[in-house]
There are 2 protein chains.
Amino acid sequence: MTKRTEVLELAVLGLLHDSPMHGYELRKQLTALLGWGRSLSYGSLYPALKDLVRRGLIAESAPDPTVGRSRRAKIVYELTADGKEHFTGLISQAGPAAWEDEPFGVHFAFFARTDAETRMRILEGRRSRLEERLATFRASLHKTRERLDSYTLELQRHGLESVEREVRWLDELIDHERQAAGDTRRSPIAGTSGTKKKEEQPS
Amino acid sequence: MTKRTEVLELAVLGLLHDSPMHGYELRKQLTALLGWGRSLSYGSLYPALKDLVRRGLIAESAPDPTVGRSRRAKIVYELTADGKEHFTGLISQAGPAAWEDEPFGVHFAFFARTDAETRMRILEGRRSRLEERLATFRASLHKTRERLDSYTLELQRHGLESVEREVRWLDELIDHERQAAGDTRRSPIAGTSGTKKKEEQPS
DNA sequence: GTTAGCATGTAAGGAGTTACATGATTTT
DNA sequence: AAAATCATGTAACTCCTTACATGCTAAC
């Protein structure tokens with residue numbers, strides 16, 4: 001369903017929205033953004049960039065032609081007007097594909113550039129997606145509980161707990177969004193930066 | 001590094017260790033075991049099974065030839081002696097590849113069939129892997145903190161917290177293993193079921 | 001009797017990694 | 001001056017998903 005490429009595309013466009021970058025730099029940021037584990041290979045990044053250039057969504061540019069006389073190209077990519085438009089479209093259209101793990105992370109990372117409605121749609125969609133997961137999870141656990149050894153059981157317990165935890169996190173975020181919608185003077189997720197100092201206890 | 005196939009192989013062998021199964025049933029169990037999100041397609045499961053048969057690690061067998069006169073095959077797979085051996089080898093050899101997310105989950109799920117040493121090695125390896133992740137994570141967060149909007153920051157915070165949480169979980173498991181090693185009368189992870197009621201406080 | 005779930009497969013294609021190849025720049 | 005890191009690329013290959021094709025069996 002969710003092609004990795006689409007996620008990659010969105011992420012690249014989003015990162016370039018902030019500032020022009022080298023492919024190399026882009027890859028580092030991407031690695032940090034996309035999933036906390038795997039990193040993206042050049043073998044898939046550079047072709048993807050070339051494709052975005054071909055489609056006119058980003059543009060290559062030499063940063064300083066007078067200085068860099070090197071034969072070896074050093075390309076800085078920047079977003080074109082079309083690219084900006086495309087990005088805005090992608091991020092606000094966000095369908096069910098955006099509820100999945102990786103796409104959700106990327107969409108969330110660019111929440112600051114979306115409208116409140118889209119944010120709400122994605123947060124609630126993600127929540128329902130997790131709720132589904134919990135349901136099937138619990139059902140299968142219920143059926144097979146007896147046959148499982150303590151390790152498998154512990155693994156399931158931990159997995160279940162992680163998902164439940166994310167649901168609670170989403171609930172908080174949804175609350176913040178709702179408050180922000182009702183009272184526009186408050187910024188969304190005001191708590192995070194506002195209470196940073198006070199809540200430094202390790203929980 | 002870690003080919004998905006290897007993980008799949010280990011998981012299939014491990015599941016068949018318990019009881020013979022249809023490919024269909026296998027897929028369901030596998031989906032529950034491997035990652036809490038994606039499910040495995042038949043397009044990759046059946047060829048993988050055929051390959052394991054070819055290598056003599058599992059065997060196909062008709063469950064009841066006299067009754068099922070259907071032309072359509074209904075295959076039950078079971079582990080061969082070679083398969084058992086191979087599985088034991090795979091699970092006890094466990095190198096650094098087993099510290100990664102999916103492989104770790106699968107290895108952990110079959111902990112009951114490993115020796116204490118292997119368990120310890122995997123748990124500690126996983127822990128160090130996560131610790132590395134935390135380090136790079138924190139470093140990049142430190143460098144870019146100022147430029148991040150509240151959403152990105154919140155995402156990072158949540159990601160960081162999840163990893164920290166898993167580290168604490170691992171610490172508990174490691175403790176249990178150590179106790180079990182010192183005092184063999186206690187079963188590993190005895191605490192999970194034993195102290196469930198007492199430790200219900202939300203931390 | 002027909003829908004839903006059980007059950008097995010294959011062919012085509014896409015997505016991304018690996019491995020390789022090259023060279024510039026900065027740090028030690 | 002060597003080592004590390006920055007920087008860009010490509011070709012081969014592997015794995016996996018998608019989409020399709022088939023047929024049984026239980027429930028409604």
Side-chain angles (χ1 to χ4, degrees), chain A residues 1-12 20-31 34-35 37-54 58 60-65 67-77 97 100 102-103 136 139-140 143, chain B residues 1-12 20-31 34-35 37-54 58 60-65 67-77 97 100 102-103 136 139-140 143:
Chain A
M1 302 286 111
T2 312
K3 285 164 201 160
R4 192 109 133 124
T5 319
E6 283 171 31
V7 181
L8 177 62
E9 194 175 291
L10 182 66
V12 167
M21 258 182 260
H22 286 149
Y24 191 88
E25 173 70 13
L26 214 34
R27 185 211 178 222
K28 282 198 300 183
Q29 309 253 118
L30 244 23
T31 295
L34 255 50
R38 60 193 77 278
S39 76
L40 191 73
S41 69
Y42 295 120
S44 78
L45 174 60
Y46 284 115
L49 287 173
K50 291 292 171 194
D51 189 62
L52 285 170
V53 170
R54 192 186 53 77
I58 63 177
E60 297 177 341
S61 70
D64 195 343
V67 171
R69 231 60 148 297
S70 45
R71 283 183 303 287
R72 191 74 184 181
K74 217 177 187 178
I75 303 167
V76 174
Y77 293 94
E100 300 308 318
E102 292 233 322
T136 45
S140 87
K143 269 197 292 186
Chain B
M1 302 288 111
T2 314
K3 284 166 201 159
R4 191 108 133 124
T5 319
E6 283 172 32
V7 182
L8 178 61
E9 196 176 288
L10 182 65
V12 166
M21 256 182 260
H22 286 151
Y24 191 88
E25 174 70 12
L26 215 34
R27 186 211 178 221
K28 281 198 301 183
Q29 307 252 120
L30 244 22
T31 296
L34 255 49
R38 60 191 75 278
S39 75
L40 191 74
S41 67
Y42 296 118
S44 78
L45 174 60
Y46 284 114
L49 287 173
K50 291 291 169 194
D51 189 61
L52 286 170
V53 170
R54 193 186 53 76
I58 63 176
E60 297 179 341
S61 70
D64 195 343
V67 172
R69 231 61 150 296
S70 43
R71 283 182 302 285
R72 190 74 185 181
K74 217 175 186 179
I75 303 167
V76 174
Y77 293 94
E100 301 307 318
E102 292 231 323
T136 45
S140 89
K143 270 196 296 188

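Predicted, not measured: the structure shown is a model, and the values here were computed from it. Proteins come first, then strands; the chains are lettered A, B, ... in the order of their sequence lines, and each starts at number 1.
The CD1 atom of B/Ile75 sits 18 Å away from the P atom of C/dC6 (whole-angstrom rounding). Put simply, CG on A/Leu30 is 13 Å from P on D/dT8, counting in whole angstrom units. Put simply, CD on A/Glu100 is 13 Å from P on D/dT17, counting in whole angstrom units. When the P atom of D/dC15 is taken as reference, atom CD of B/Glu102 falls 16 Å away, rounded to whole Å. In this structure, the CG atom of B/Leu26 is 15 Å from the C1' atom of C/dC6, given to the nearest Å. Taking atom CG of residue A/Leu40 and atom P of nucleotide C/dT18, one finds them 11 Å apart after rounding to whole Å. Between the CG atom of B/Asp51 and the P atom of C/dT8 there is a distance of 18 Å, rounded to whole Å. Summarising the geometry, the separation between CD on A/Glu60 and P on D/dT8 is reported as 10 Å, rounded to the nearest angstrom.
By the side-chain contact (heavy atoms from CB on, under 4.5 Å) test, B/Thr136 is found to be paired with no residue, residues two or more places apart in sequence or in another chain being considered. Residues meeting the side-chain contact (heavy atoms from CB on, under 4.5 Å) test with A/Ser44, sequence neighbours left out: A/Leu40, A/Ser41. A/Tyr46 pairs by the ring-ring contact (aromatic ring centres under 6.0 Å, His included) definition with A/Tyr42, not counting sequence neighbours. With sequence neighbours left out, the side-chain hydrogen bond (donor to acceptor under 3.5 Å, both in side chains) criterion links B/Lys50 to B/Glu60.
The minimum heavy-atom distance between B/Gly23 and B/Leu45, with the atom names listed, is O-CD2, 3.3 Å. Closest approach of A/Ile75 and A/His22 over heavy atoms only: O-CD2, 3.1 Å.
For B/Ser41, the side-chain atoms get nearest to D/dT17 when compared with the rest of C/dG9, D/dT17, C/dA7. Among the nucleotides C/dT17, C/dA7, D/dT8, the one closest to any side-chain atom of A/Tyr24 is D/dT8.
Near DNA chain C, defined here as any heavy-atom distance below 4.0 Å, the residues from residues 42-50 of chain B are B/Tyr42, B/Gly43, B/Tyr46, B/Lys50, listed numerically.
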